[in-house]
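Report on one structure; see the data block that follows.
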Amino acid sequence: MSDLDALRVQVDELKQRLCPSDNQPQIAAEDIQTLSTSIKATMQCKQDEIDRLTIENEQLRRMLGEALSAANEHDAGAAENVLRDFYAEMAAFIDPGEAANAANGKEPTRQSRAG
């Protein structure tokens with residue numbers, strides 16, 4: 001169940017609890033506060049994930065720019081080094097255990113390729 005689905009379930013439960021009744025206003029107010037807190041926490045988690053992905057995107061953009069620059073300069077040695085570094089950083093994103101192998105120019109293990 002996604003976060004959005006979970007929030008929908010909470011809203012539906014809250015609607016059911018808000019039936020007119022003399023002793024329900026305090027419970028309803030507490031339920032609304034709980035739901036508000038839950039929504040804020042979910043939004044913060046999503047924002048944290050967006051921030052992390054933005055940083056990773058910028059790192060990938062930089063690495064790709066370096067690779068293209070080296071390729072455009074027709075410097076085979078520089079291009080090979082940039083691509084090796086690019087491969088190592090990509091391996092670290094995908095499987096931190098493979099980062100050392102990639103940095104040494106080794107092929108990924110069978111297990112990490114199957115991913």
Side-chain angles (χ1 to χ4, degrees):
M1 178 182 290
S2 72
D3 292 337
L4 184 57
D5 291 335
L7 291 174
R8 283 185 181 137
V9 168
Q10 288 180 344
V11 168
D12 289 340
E13 290 172 355
L14 183 59
K15 285 178 183 177
Q16 291 173 1
R17 290 182 184 172
L18 291 177
C19 296
S21 174
D22 292 338
N23 61 356
Q24 293 293 325
Q26 181 63 31
I27 294 172
E30 291 170 3
D31 288 344
I32 290 171
Q33 182 61 37
T34 300
L35 181 60
S36 174
T37 301
S38 177
I39 290 171
K40 288 176 185 176
T42 299
M43 289 174 59
Q44 184 60 50
C45 286
K46 294 300 178 185
Q47 185 61 49
D48 291 346
E49 184 177 358
I50 288 169
D51 293 344
R52 180 186 59 79
L53 291 172
T54 299
I55 290 168
E56 287 180 8
N57 184 41
E58 289 304 315
Q59 290 172 338
L60 291 171
R61 185 184 312 253
R62 179 190 49 79
M63 289 185 290
L64 182 58
E66 289 172 0
L68 290 174
S69 177
N72 284 336
E73 292 172 6
H74 301 291
D75 184 350
E80 185 178 323
N81 290 336
V82 168
L83 290 175
R84 185 180 307 111
D85 292 344
F86 179 77
Y87 178 73
E89 290 188 42
M90 289 302 302
F93 279 130
I94 297 167
D95 181 1
E98 284 296 311
N101 286 341
N104 294 323
K106 295 181 183 175
E107 289 292 319
T109 62
R110 172 170 282 214
Q111 183 179 2
S112 66
R113 255 192 251 144

Quiz item: Between Thr42 and Ser38, is there a donor-acceptor pair closer than 3.5 Å when you use the side chain of the first and the backbone of the second?
Solution: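 Yes; at least one donor-acceptor contact below 3.5 Å.
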- Can you check side chain to side chain contact (heavy atoms under 4.5 Å, CB included) on Thr54 and Ile50, steps first, answer last? CA-CA 6 Å; Thr54 299; Ile50 288 169; 4.1 Å; yes
- Query: Can a salt bridge be assigned to the pair Glu56 and Arg52 using a cut-off of 4.0 Å between side-chain N and carboxylate O?
  - Reply: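 A salt bridge links Glu56 with Arg52.
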Just wondering, do Leu35 and Asp31 contact through their side chains at under 4.5 Å, heavy atoms?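 Not in contact.
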Can you tell me how far the CG atom of Leu60 sits from the CD1 atom of Ile55, to the nearest 0.5 Å?
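CD1 of Ile55 is found 12.0 Å from CG of Leu60.
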task = Would you give the length of the straight line joining atom CD of Gln47 to atom CD of Gln44, rounded to the nearest 0.5 angstrom?
result =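 So the gap between those two atoms works out to 7.0 Å.
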